[in-house]
Protein chains: 2
Amino acid sequence: MTALQKPQTTRRAAKAVRRRQLIEAAIKSIAKRGLGDTTLAHVSKAAGLSQGIINLHFTNKENLLYETLKYIRSEYEQNWRSALEKSDADPASQLTALLKADYQSAVADVKKLAVWFAFWGEAKSRPTYKKICQERVTDYSEILQELIVELIDEGGYSDINVADLAEGIIAMADGLWLNILISANGFKRSDAERVMMQYLAQVFPEHRHVFL
Amino acid sequence: MTALQKPQTTRRAAKAVRRRQLIEAAIKSIAKRGLGDTTLAHVSKAAGLSQGIINLHFTNKENLLYETLKYIRSEYEQNWRSALEKSDADPASQLTALLKADYQSAVADVKKLAVWFAFWGEAKSRPTYKKICQERVTDYSEILQELIVELIDEGGYSDINVADLAEGIIAMADGLWLNILISANGFKRSDAERVMMQYLAQVFPEHRHVFL
DNA sequence: AAATAATGAATGAATAGTTATTCAGTAACT
DNA sequence: AGTTACTGAATAACTATTCATTCATTATTT
């Protein structure tokens, strides 16, 4: 909307820009040192800024971390929504797009995954974190179930419990993230995608050609 | 200052017993407060012991946490090995036993799950943690693959990539743990088990009756 | 157009609070 | 008496937060 932009000076960057800069520094630090060893000094230094800067923009550390979690959650959602838009409209293609989105570089990058797991590890004791973590999958799950229903209709499949299958798919998707994060034998995003597609092909054999 | 002394049996516990007591207090604290907010004061107090006790038995905090991780890893392995022993010898029953073991109360209890996720969150930045997390699944994965091979043989299944299927199953197993830990709608161990069994029934339809 | 005031962004040294670790001392057991 | 197990106050290091101050930009006045 606004035409006039005056960055460069570093000091006069717009608030939103600075906040994002700090959030990204936080992500880096969490991936590098873990959530427990991430200090405000580390984050502000990584951002090339001064000691007090985080309190200025986020009031306190807790809030920076909270906003960081919200940031990757929002990024995650945007990613799969845009993948759905770009894909063909038939349910099998939509399903493929939705699940492959989880392994695109923007969201399944090791730094981001480290952040997700860090917050999952704290979620039990922090209701605020827990809520965001739950919200990550609400819309995703709903759409996934709709697609499964359409696919069952199209392929005449039987013996499928939609809700359970959706839970299973999402569980596998998350578990594959863990594998990317931790695996000893260089498990990559492309490997995760392949495993997931094989699963879908097994559950929906009539649509095998779309998945593989 | 010197108050009434507690019974001798408390103080003179064998080293191994005291260590386990402290590890269990650590698990409790991690589940309650998260790894980041777990302090030595909290853990020793939860164990009903004094401030310096952890340094006495584990040298330092880092080591206590490391031993805690090794403890739940070992417990995890014992649990599935003993489940295999108790089960029938045919591959489908063995597979069922192996996977259901992941949702038995001893290992899939929310406190233990919180600990796993806490360490997974730190694994990227701590090679020592990472190694233990990897080791959790090495033997498990090997046996799982053997069972899959036997089952394919028995049921005459085709189009199954053994290694990929094993990765997928393990991923789903871990992802269901996350669901137990975090889910908004009270997802329980029994739900996880059901979802997993439905998956197996879909992949190995000839053995459906064993899984469901 | 120049001078001056006001504003908002950022700094970084100082503070207050927390926490891991040490160790001199105490108690129990052999 | 000698040894082992434990205690808990003291210490030293670390870290989140504050705030007086600096500095560039924008607004207002001359």
Side-chain angles (χ1 to χ4, degrees), chain A residues 2-26 29-30 32-68 118 122 125-126 128, chain B residues 1-26 28-30 32-68 118 122 125-126 128:
Chain A
T2 55
L4 304 170
Q5 280 307 324
K6 67 283 308 207
Q8 264 13 22
T9 39
T10 307
R11 289 194 62 184
R12 282 277 164 165
K15 276 210 150 168
V17 172
R18 189 109 303 176
R19 281 172 65 97
R20 181 184 310 204
Q21 179 187 0
L22 288 166
I23 284 173
E24 261 150 21
S29 174
I30 292 168
K32 186 175 174 186
R33 281 175 263 267
L35 195 49
D37 290 348
T38 286
T39 70
L40 292 186
H42 285 143
V43 176
S44 53
K45 196 177 174 189
L49 294 164
S50 70
Q51 181 73 307
I53 194 73
I54 290 163
N55 296 98
L56 182 69
H57 285 278
F58 293 92
T59 323
N60 55 39
K61 185 184 183 183
E62 173 67 22
N63 189 238
L64 166 69
L65 296 178
Y66 183 63
E67 292 294 330
T68 301
E122 300 279 291
S125 46
R126 307 231 174 193
T128 44
Chain B
M1 203 88 221
T2 32
L4 297 173
Q5 286 315 311
K6 289 181 178 176
Q8 303 84 327
T9 46
T10 302
R11 293 195 60 184
R12 283 276 163 169
K15 275 208 152 170
V17 173
R18 189 110 302 176
R19 282 171 64 96
R20 182 185 310 206
Q21 180 187 0
L22 289 166
I23 285 173
E24 261 150 21
K28 248 183 224 156
S29 174
I30 292 168
K32 185 174 174 187
R33 283 174 260 269
L35 194 49
D37 290 347
T38 286
T39 70
L40 292 186
H42 284 144
V43 176
S44 54
K45 195 178 176 190
L49 294 164
S50 71
Q51 180 75 311
I53 195 73
I54 289 163
N55 296 97
L56 183 69
H57 285 279
F58 293 92
T59 320
N60 54 41
K61 184 184 184 183
E62 171 68 22
N63 189 238
L64 165 69
L65 297 178
Y66 182 63
E67 293 295 329
T68 301
E122 299 279 289
S125 47
R126 306 232 175 192
T128 45

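A, B, ... follow the sequence lines: proteins, then strands. Residue 1 opens every chain. Because the structure is a prediction, the values reported are computed rather than measured.
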Nearest to the side chain of [X] - [options]?
X: L49(A); options: dC6(D), dT21(C), dA10(C); answer: dA10(C)
X: K15(A); options: dT21(C), dT7(D), dA9(C); answer: dA9(C)
X: S50(B); options: dG8(D), dA20(C), dA9(C); answer: dG8(D)
X: Q51(B); options: dT7(D), dA16(D), dA10(D); answer: dA10(D)
X: I53(B); options: dC6(D), dA16(D), dT11(C); answer: dC6(D)

(message) Looking at Q21(A) and A47(A), would you say the former's side chain and the latter's main chain have a donor-acceptor pair under 3.5 Å?
(response)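 It does hold such a pair.
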
OP1 or OP2 of [N] sitting under 4.0 Å from any side-chain N/O of [X]?
X: R18(B); N: dC6(D); value: yes
X: H57(A); N: dA10(C); value: yes
X: N60(B); N: dA20(C); value: no

(request) Classify the nucleic acid contact of H42(A) as base, sugar-phosphate or nothing, counting any heavy atom under 4.0 Å across all strands shown. (result)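 The residue H42(A) makes no contact with any strand.
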
Report the distance from atom [atom1] of [X] to atom [atom2] of [N], rounded to the nearest whole Å.
X: F58(A); N: dA16(D); atom1: CZ; atom2: P; value: 15 Å
X: I54(A); N: dA10(C); atom1: CD1; atom2: C1'; value: 13 Å
X: L22(A); N: dA10(C); atom1: CG; atom2: C1'; value: 11 Å
X: L64(B); N: dT19(C); atom1: CG; atom2: P; value: 16 Å
X: K45(B); N: dA9(D); atom1: NZ; atom2: P; value: 13 Å
X: K61(B); N: dT18(C); atom1: NZ; atom2: P; value: 15 Å
X: L40(A); N: dT18(D); atom1: CG; atom2: C1'; value: 13 Å
X: D37(A); N: dC14(D); atom1: CG; atom2: P; value: 12 Å

(message) Which heavy atom of F58(B) sits nearest to which heavy atom of I23(B), and what is that distance?
(response)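 So the minimum-distance heavy-atom pair works out to CZ-CG1, 3.9 Å.
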
(request) Might you point out which heavy atoms bring V43(A) and S29(A) nearest each other, and give the distance in Å? (result)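 So the minimum-distance heavy-atom pair works out to CG2-CB, 4.1 Å.
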
(message) Do the side chains of R126(A) and E62(A) get close enough for a salt bridge, i.e. N-O under 4.0 angstrom?
(response)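 Salt bridge flag = yes for E62(A) with R126(A).
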
(request) Answer whether the closest heavy-atom distance between the side chains of L49(A) and L22(A) falls below 4.5 Å. (result)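 A side-chain contact under 4.5 Å exists here.
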
